[in-house]
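To find a chain, count down the sequence lines: A is the first, B the second, and so on, and within it residues start at 1.
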Amino acid sequence: MGSIEMTEINELQKIANKIRATCVQMAFDASHGHLKSALSCVEILVALYWRWLKVSPSNPADPHRDRFYMSKGHGVTSLYAVLAEKGIIDRKELAMYAKSGSCLPDHPCKHMLPVLEASSGSLGHCLGIATGALYALRLKGNPARAVVLMSDGECNEGSVWEAAMFARAQKLENLLAIVDYNDMQAVGFSDEIMGHTLLEEKFRSFGWAAKRINGNSISELADCLESFPFEKDKPSVIVAKTKVGVSFMEKNILWHYRTPSGEELMAAIDELGELPIQTG
Amino acid sequence: MRKALADTLTSLAEKDPSIVFLTGDLGFQMFDEFGKRFSGRYINVGVAEAQMICAAAGMALEGFRPFVYSIAPFATGRPFEHIKISIAYHGLPVTIIGAGGGYAYATNGPTHHGADDIALMSIIPGMTVMAPGSPAELRELLPQIMKLKGPAYIRIGKKGDPEYDADGPAIIGKARLLKSGEKIAIVSTGEMAPIALDAAKKLALAGINPVVYQMHTIKPLDTVFLNEISEKVDTILIVEEASPIGGLWSAVSSFMASCSRHPKIIRTGPPDEMILGNCSREELRQNYGFDTDAIVNICKKLTGLSDIGTISEKEKSLQGQV
């Protein structure tokens, strides 16, 4: 028995498609972005923001809020769209994405958008930052949780494993890492680059509790989040196997950098069955 | 200097509960007292310098004031990009302590040589860069670091560093007068200060009386002092145990180049080389012409007097370069 009703799943999937359409629109408008990286993690963000994270649009700096770190900063348009849909940022800002002076730059910047927990864009930073933040919160007796969304390519970075070691040593049970495993890096396939080894096994060998799920399934994500923390005293990781969610962009590394043409934008919106968030 | 660091940090942490100390598995027994007194605020991250930096950034984002500690090359060059992004991009008040900068670990070889720490840290926007020359100077600077809003790097010595007298207090960003004099200004940084003072004492016997300043802060550069000293002396001799690229000489020369007129600026210090051969720190300073006698000889030459002793061919060629 799942933790989420079918009606809610359908509702959240519609939101996910709207977020996806918004990302494609933003990439088209700005002729910019890492579209595939933004699209593959949409359901993860929707499940987090609509089902799990304790964050309040009216009090985003609440000390007891859950901390969310967009470690895969290059895929940030989906986070921007989620923040707009949740009312945490003004939806008008989406139209300014990646333009000069925008609070929504190509890679997320905490100086421009203070609601972020951290700036990102260089991989392999936020897991370590989150471990330090959780350690500090524990010293203060603050029970807030932290979620770090990473890319599969990011797990090539040695610093991820330095942080993984620390998180287990310090028993950071309030830490959840989610790896968006879309299997596509900038110029190669993750499985090939990592030698066809299992990421969840690597995390387990570092003392983490790990689960592998379909990262595009709202229901699997909801169930998995419901079971957090997976094991006592251990940090948790979800290896979320994902697809891009737009048929003509699947399994095509070109879409790491490419932005859509007008025709491709219309085709994507048509396939998704949802219009982008209106910014006007 | 490491004992001065441990004692001062312990007393600061007594008053300020936001201080946390992270080590990259170094400083054996140095920080036991800190760890005993402040349970949970001493963290051995392991030989994981990138993690040490990122965790410190996370703690600072939550309102803490982390001090991170390792041997200079492992505190700076190893996690450089993590310092630049996790700490400096966020403008966080994290203090990085590089122990044994320069060639304190001379005999450990190029893996442990830390001549590039000043250059690496200086190039990071918003970073305050310091290299005190004595335990007392370090004790004076540490409480002031607590008032900085952004990140800081502080290179410290290892052990047995001599104390010296100075006319005034050590203030971050201000050159410190160690000895009055005229015509030549010897400007030291880091642990070269007592050597510069020794050289000045020897020079006094020959009737040469240089003024000696210690620039314990390399960034921000004390340009007020540089403008003032430019009016008073004919030559500024920079004495540093750091790379000739990106250290104090480099910073002073860059500043002076934009001034309409300035004194002659020369440098003595190690070259831009991997130092091989397992020599001691003292041998290294002698070989490359930045020990007491070498400084004496440079100043004597500047005043038209002959050398006090023999100097190596290498030293001659180096002095020729400056």
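- Expressed to the nearest 0.5 Å, how far CG of B/N44 lies from CZ of A/F166 amounts to 10.0 Å.
- Within 6.0 Å of NZ on B/K159 lie no more than 12 heavy atoms contributed by other residues, nucleotides or ligands.
- Remark: the backbone N or O of B/C54 is not paired with any side-chain donor or acceptor of A/H125 at under 3.5 angstrom.
- The CD1 atom of A/I129 lies 11.0 Å from the CD atom of B/E62; values are rounded to the nearest 0.5 Å.
- Heavy atoms of other residues, nucleotides or ligands lying less than 6.0 angstrom from NZ of B/K174 number 12 at most.
- In this structure, chain A has heavy atoms under 4.5 Å from both the backbone and the side chain of B/Y89.
- Between A/K110 and B/L61, the closest heavy-atom pair is CE-CD2, 4.0 Å.
- More than 12 heavy atoms of other residues, nucleotides or ligands sit less than 6.0 Å from atom NZ of A/K99.
- At distances below 3.5 Å, at least one donor-acceptor pair connects side-chain atoms of A/E162 with backbone N or O atoms of B/A50.
- Only the side chain of A/R67 comes within contact range of chain B, judged by heavy atoms closer than 4.5 Å.
- Among the candidates B/G40, B/A60, B/P66, B/G91, the residue making the largest number of heavy-atom pairs closer than 4.5 Å to chain A is B/G40.
- Residue A/L198 places its CG atom among more than 12 non-hydrogen atoms of other residues, nucleotides or ligands, all under 6.0 Å distant.
- Put simply, CG on A/L139 and CZ on B/F38 are 13.0 Å apart, with the number rounded to the nearest 0.5 Å.
- Counted by atom type alone, A/T131 and B/Q51 present one or more donor-acceptor pairs between their side chains at under 3.5 Å.
- In this structure, CG on A/L123 lies 11.5 Å from CD1 on B/I85, to the nearest 0.5 angstrom.
- Only the side chain of B/I43 comes within less than 4.5 Å of a heavy atom in chain A; its backbone stays farther off.
- Other residues, nucleotides and ligands place more than 12 heavy atoms under 6.0 Å from the CZ atom of B/R2.
- Heavy-atom distances place both the backbone and the side chain of A/C109 under 4.5 Å from chain B.
- Summarising the geometry of B/Y42 relative to A/Y135, their closest heavy-atom pair is O-OH, 4.5 Å, with the distance given to 0.1 Å.
- The residue among A/G121, A/A118, A/A130 with the most heavy atom pairs within less than 4.5 Å of chain B is A/A118.
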